[in-house]
Amino acid sequence: MPELPEVETIVRGLRQGSDEVPPLPGYHIRGVEVGWPRHIAEPSPKALKRRIKGQRIVGVRRRGKYLVFPLDKDTLMIHLKMSGDLSMAPASAERGPYDHTVFVLDEGWELRFSDARKFGKVFLVEDPQTVLQKLGPEPLDDSFTPEVLADCMRGRSRAIKPLLLEQSFVAGIGNIYADEALHRAGIHPLTPTDQLDSAEIQSLHRGIQEALQQGIERNGASIDWVYRGGDFQNHFRVYGREGEPCPVCKTPIKKIVVSQRGTHFCPRCQPEGESK
DNA sequence: CACGAGACCTGTTCGC
DNA sequence: TGCGAACAGGTCTCGT
């Protein structure tokens, strides 16, 4: 699915518009077409349609992997999970086969939530905190310092990679950027978190920020059939590169399974059980 | 609290 | 060429 950089790319696109589509903020929502009721997490599809009608979209933000749309009265939030995508389109344009939820706007525009695997979720709530509360710090905020990361890690003994995937630990990191961050930091994915010294925590902090920032600069990654325009996939150092040379030391990249997720690393740059 | 397995879904790719 | 298995950017829930 889209991770933080992909969601950020979508948010910026909706906020700014393009040659083809206008910016989203300012439009009113005239109605919602729900083609897959389970897309709607909260409230019921019926209540969503009733409550959202007529509300104006005030802005477009991101928190972790959630897209957040403050409205007049409520807040609309969307999580794209594995295969979701959001786009502005003229109502006259043919719908795609996976456009399961469509927000009908003014002036003949639509906001379309396409989602082949149907894991995505739509929330309409009064208080966004009820959904976002559980998230850890935003890794690209100024307030996310190495000390904050160290605090989050304190008392945790589990392997670092599955911890990075936990959204209550740090928000927005997914499977790709976890592997990319750990490679930049020179840390083996199975390293017990409490074995990392402060220099390694610094490296990890830098690795996380660099991987995410570079992802955003490249407009995210486009892999499989979910193409969003980004090309960070051509700059992966380890993800999806099993057997290929590490860009730093040329050692073949290894792939293992950690917490049921494919995990890629360089055995030389990220030695196991290394203690510095 | 940590961890694994299973669930939720569909499309693509891999191996025989 | 064809077919089933494995796998995919996420997260929740349940059991040990």
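Letters A, B, ... are given to chains in the order of the sequence lines, protein chains preceding strands, and every chain is numbered from 1.
If you measure from atom CD of A/Q167 to atom P of C/dC12, you get 8 Å, rounded to the nearest angstrom. Rounded to a whole Å, the CG atom of A/L164 is 13 Å from the P atom of B/dC3. Whole-Å rounding puts the A/F119 CZ to C/dG10 P distance at 12 Å. The distance from atom NZ of A/K118 to atom P of C/dC12 is 21 Å, rounded to the nearest whole Å. A straight line from OH of A/Y66 to C1' of C/dC12 spans 10 Å, rounded to a whole angstrom. Between A/D85 atom CG and C/dG10 atom C1' the separation is 15 Å, expressed in whole Å. Atom NZ of A/K134 and atom C1' of C/dT13 are 14 Å apart (whole Å). Here B/dC3 presents its P atom at 9 Å from CG of A/L163, a figure rounded to the nearest Å.
Of the possible polar contacts, none joining the A/E244 side chain to the A/P252 backbone as a donor-acceptor pair under 3.5 Å is found.
Between C/dC7 and A/K255, no contact under 4.0 Å exists linking OP1 or OP2 to a side-chain N or O. Residue A/R156 places at least one side-chain N or O under 4.0 Å from the OP1 or OP2 atom of B/dA2. For the pair A/H79 and C/dG10, the criterion of a side-chain N or O lying under 4.0 Å from OP1 or OP2 is not met. Close to C/dT11, at under 4.0 Å from its OP1 or OP2, lies no side-chain N or O of A/K121. Contact annotation: A/R158 side-chain N/O to B/dC1 OP1/OP2 distance is not under 4.0 Å. The phosphate of B/dG11 has OP1 or OP2 within less than 4.0 Å of a side-chain N or O from A/Y98. For A/R38, a side-chain nitrogen or oxygen approaches OP1 or OP2 of B/dC9 to under 4.0 Å.
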Check against side chain to side chain contact (heavy atoms under 4.5 Å, CB included), A/L124 and A/R51: CA-CA 8 Å; A/L124 182 72; A/R51 259 173 70 181; 3.7 Å; yes

Check against salt bridge (Lys or Arg N to Asp or Glu O under 4.0 Å), A/D194 and A/R156: CA-CA 6 Å; A/D194 55 9; A/R156 310 302 294 263; over 6 Å; no

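The side chain of A/A116 lies closest to B/dG11, out of C/dG10, C/dA8, B/dG11.
Salt-bridge check for A/E110 with A/R95: passed, with a basic side-chain N closer than 4.0 Å to an acidic carboxylate O. Salt bridge status for A/E138 with A/R63: present, with a side-chain N to carboxylate O gap under 4.0 Å.
How far CZ of A/R12 is from OG of A/S18: 16.0 Å, rounded to the nearest 0.5 Å.
Between A/F232 and A/H235, the ring planes lie parallel to each other; the angle is under 30°, not in the 30° to 60° tilted range.
With both ends at atom P, the span from B/dG6 to C/dA5 equals 16 Å, rounded to whole Å. Rounded to the nearest Å, the gap between the P atom of C/dA6 and that of B/dA7 is 15 Å.
Here A/Q260 lies in heavy-atom contact (under 4.0 Å) with a base.
A stem is defined here as three or more consecutive Watson-Crick or G-U pairs, each with both distances under 3.5 Å; for DNA chain B these stems are B:2-8 with C:10-16, B:10-16 with C:2-8.
Using a 4.5 Å heavy-atom threshold, the side chains of A/T75 and A/L71 count as separate.
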